[in-house]
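Worksheet: one structure, shown below.
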Amino acid sequence: MRENKLRTLWQADQAAINGWLAIPNSFSAEVMAHQGWDSLTIDLQHGVIDYAQMVTMLQAISTTATVPVVRVPWLEPGIIMKTLDAGAYGVICPMVNSRDEAARLVSYTRYAPRGVRSFGPVRAMYYSGPDYPVHANDTVVAFAMIETRQALDRLDDILSVEGLDAVYIGPSDLSLSMGCRPVFDEVDAPVAQAIAHIAERAKAHGVQCGIHNGLTSVALARRELGYRFLTVSSDARLIAAGAQQVLGAMRAG
């Protein structure tokens with residue numbers, strides 16, 4: 001069974017540096033994977049990527065040691081199970097607002113007797129190895145997104161769900177839910193307090209926590225708070241930023 005580097009890093013209390021893929025293209029995914037990210041997340045929720053495109057992107061990531069993660073569109077068992085069958089080693093599920101929803105997420109990512117995942121790891125066995133059925137429950141990672149006031153109010157209930165590996169913070173949606181500006185980095189004071197609180201409570205429950213960032217400086221500061229899965233920017237944003245840098249230098253010259 002191929003290791004899940006996220007679990008290895010977390011066991012050593014190290015942070016994983018996660019890249020974000022919104023462009024539906026296997027070559028761009030391959031290029032990103034070869035840059036040395038610890039993990040790459042394919043975004044099926046807000047990216048312009050469909051399932052078939054996701055599979056080719058997973059294949060491209062497989063040419064490296066980068067861990068493949070997918071953010072699914074919603075808490076729906078079909079897409080979660082198909083994503084794992086395609087070879088994702090982590091699933092990020094948006095808008096998890098209660099203990100029941102977190103428990104359902106975990107159950108969809110685990111085979112019986114620990115869950116209700118249907119058996120059919122069509123591509124996963126090629127990616128991970130023939131012993132995938134034996135080790136999958138202890139290898140794949142389930143992230144519940146904490147991005148609403150309701151989830152924040154029920155945080156300890158969500159974190160207490162057995163088998164939940166990690167939570168993932170969407171600062172923009174969390175900000176909106178709290179009546180603040182929807183930004184990644186320079187969040188308003190109540191959101192900054194919530195981000196610190198989530199890290200503290202996650203540590204108390206033995207659950208890992210991740211967060212979306214736009215700037216490396218902010219990601220590094222959040223690492224100090226205890227965040228161990230740090231997304232920085234995205235493929236689309238990095239292309240735009242690189243192009244702007246070149247054009248700015250050329251026009252200034």
Side-chain angles (χ1 to χ4, degrees), residues 5-6 9 14-73 83 86-90 92 94 143 145 147 168-176 180-189 191-192 195 209-225 227-253:
K5 188 180 178 182
L6 294 179
L9 288 169
Q14 296 180 16
I17 306 171
N18 179 62
W20 201 260
L21 303 180
I23 299 171
N25 186 274
S26 60
F27 178 56
S28 60
E30 185 178 29
V31 170
M32 285 283 283
H34 279 267
Q35 304 316 305
W37 302 89
D38 294 318
S39 58
L40 281 172
T41 298
I42 301 171
D43 188 4
L44 293 188
Q45 184 191 16
H46 290 308
V48 289
I49 301 167
D50 64 25
Y51 181 84
Q53 292 163 333
M54 177 202 77
V55 173
T56 67
M57 295 168 73
L58 289 171
Q59 291 171 320
I61 294 169
S62 296
T63 63
T64 71
T66 301
V67 179
V69 179
V70 175
R71 178 164 71 171
V72 295
T83 292
Y89 258 25
I92 300 175
F143 291 82
M145 289 199 73
E147 48 187 347
Y168 187 75
I169 315 309
S172 294
D173 275 315
L174 182 60
S175 295
L176 281 173
C180 299
R181 298 171 301 125
V183 293
F184 286 154
D185 299 319
E186 300 303 321
V187 296
D188 293 337
V191 182
I195 288 171
C209 53
I211 191 165
H212 214 90
N213 309 273
L215 300 173
T216 54
S217 57
V218 174
L220 290 170
R222 288 169 175 169
R223 183 179 67 181
E224 295 305 307
L225 291 176
Y227 284 86
R228 293 295 179 264
F229 183 82
L230 299 165
T231 299
V232 183
S233 194
S234 70
D235 52 2
R237 290 175 182 270
L238 289 170
I239 289 173
Q244 289 169 9
Q245 183 179 18
V246 169
L247 288 168
M250 291 300 296
R251 288 175 176 154

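Position 1 is the first residue of the sequence, and the numbers go up from there.
- In this structure, E186 places its CD atom where only 12 or fewer heavy-atom neighbours from other residues, nucleotides or ligands lie under 6.0 Å away.
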Would you sort out whether H34 and T66 count as a side-chain hydrogen bond (donor to acceptor under 3.5 Å, both in side chains), showing the intermediate values? CA-CA 8 Å; H34 279 267; T66 301; over 6 Å; no
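- The CE atom of M145 lies 7.0 Å from the CG atom of D173; values are rounded to the nearest 0.5 Å.
- We find the CD-OG1 distance between Q35 and T64 to be 10.0 Å, quoted to the nearest 0.5 Å.
- The local environment of OH in Y51 is crowded, with over 12 non-hydrogen atoms from other residues, nucleotides or ligands closer than 6.0 Å.
- When the salt bridge (charged side-chain N to carboxylate O under 4.0 Å, His left out) test is applied to D38, the partners found at least two apart in sequence or on another chain are K5.
- With contacts defined as side-chain heavy-atom distances shorter than 4.5 Å, the pair E147/P94 qualifies.
- Put simply, the side chain of V187 reaches to within 4.5 Å of the side chain of I195, judged on heavy atoms.
- Residues meeting the side chain to side chain donor-acceptor pair (under 3.5 Å) test with N18, sequence neighbours left out: S39, T41, T231.
- Proximity of a side-chain donor or acceptor of D235 to a complementary backbone N or O of L21 within less than 3.5 Å is not detected.
- For Y227, there are no ring-ring contact (aromatic ring centres under 6.0 Å, His included) partners, not counting sequence neighbours.
- No side-chain donor from either of S172 and H212 sits under 3.5 Å from a side-chain acceptor of the other.
- The minimum heavy-atom distance between S28 and I23, with the atom names listed, is OG-CG2, 3.9 Å.
- Residue I17 places its CD1 atom among 12 or fewer non-hydrogen atoms of other residues, nucleotides or ligands, all under 6.0 Å distant.
- Of the residues listed (L215, L220, N213), the one engaging S217 in a side chain to side chain contact (heavy atoms under 4.5 Å, CB included) is L215, and it is the only one.
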Sequence neighbours left out, cut at 3.5 Å: what donor-acceptor pairs do the side chains of residues 243-253 make with other protein atoms?
none

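- Between the side chain of S175 and the backbone N or O of C180, no donor-acceptor pair lies under 3.5 Å.
- Taking CE from M32 and CD1 from I239, the interatomic distance works out to 8.5 Å, rounded to the nearest 0.5 Å.
- Under the 30°/60° scheme for interplanar angles, the aromatic rings of Y168 and F143 are found to stand perpendicular.
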For a side-chain contact (heavy atoms from CB on, under 4.5 Å) check, start with the C-alpha distance between R223 and L230, then their side-chain angles and the critical distance, and finish with the verdict. CA-CA 8 Å; R223 183 179 67 181; L230 299 165; 3.7 Å; yes
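- Heavy-atom minimum distance, V232 versus G214: CG1-O, 4.2 Å.
- Applying the side chain to side chain donor-acceptor pair (under 3.5 Å) criterion to R181, with sequence neighbours excluded, gives D188.
- Q53 contributes a side-chain N or O that, together with a main-chain N or O of D50, makes up a donor-acceptor pair within less than 3.5 Å.
- Of all the heavy atoms in R222 and F184, the pair that sits closest is NH2-O, 2.9 Å.
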Can you list the steps and then say if I92 with V70 is a side-chain contact (heavy atoms from CB on, under 4.5 Å)? CA-CA 6 Å; I92 300 175; V70 175; over 6 Å; no
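- Here the CE-CD1 distance, from M54 to I49, works out to 9.5 Å after rounding to the nearest 0.5 Å.
- The closest side-chain heavy-atom distance from N25 to M57 is not below 4.5 Å.
- Scanning for salt bridge (charged side-chain N to carboxylate O under 4.0 Å, His left out) contacts around R71 gives D43, with sequence neighbours left out.
- A distance of 11.0 Å separates CG of L58 from OG of S26, quoted to the nearest 0.5 Å.
- L6 is listed as a side-chain neighbour of F229, based on a closest heavy-atom distance under 4.5 Å.
- The backbone N or O of W20 lies less than 3.5 Å from no partner atom in the side chain of S234, so there is not a single donor-acceptor pair.
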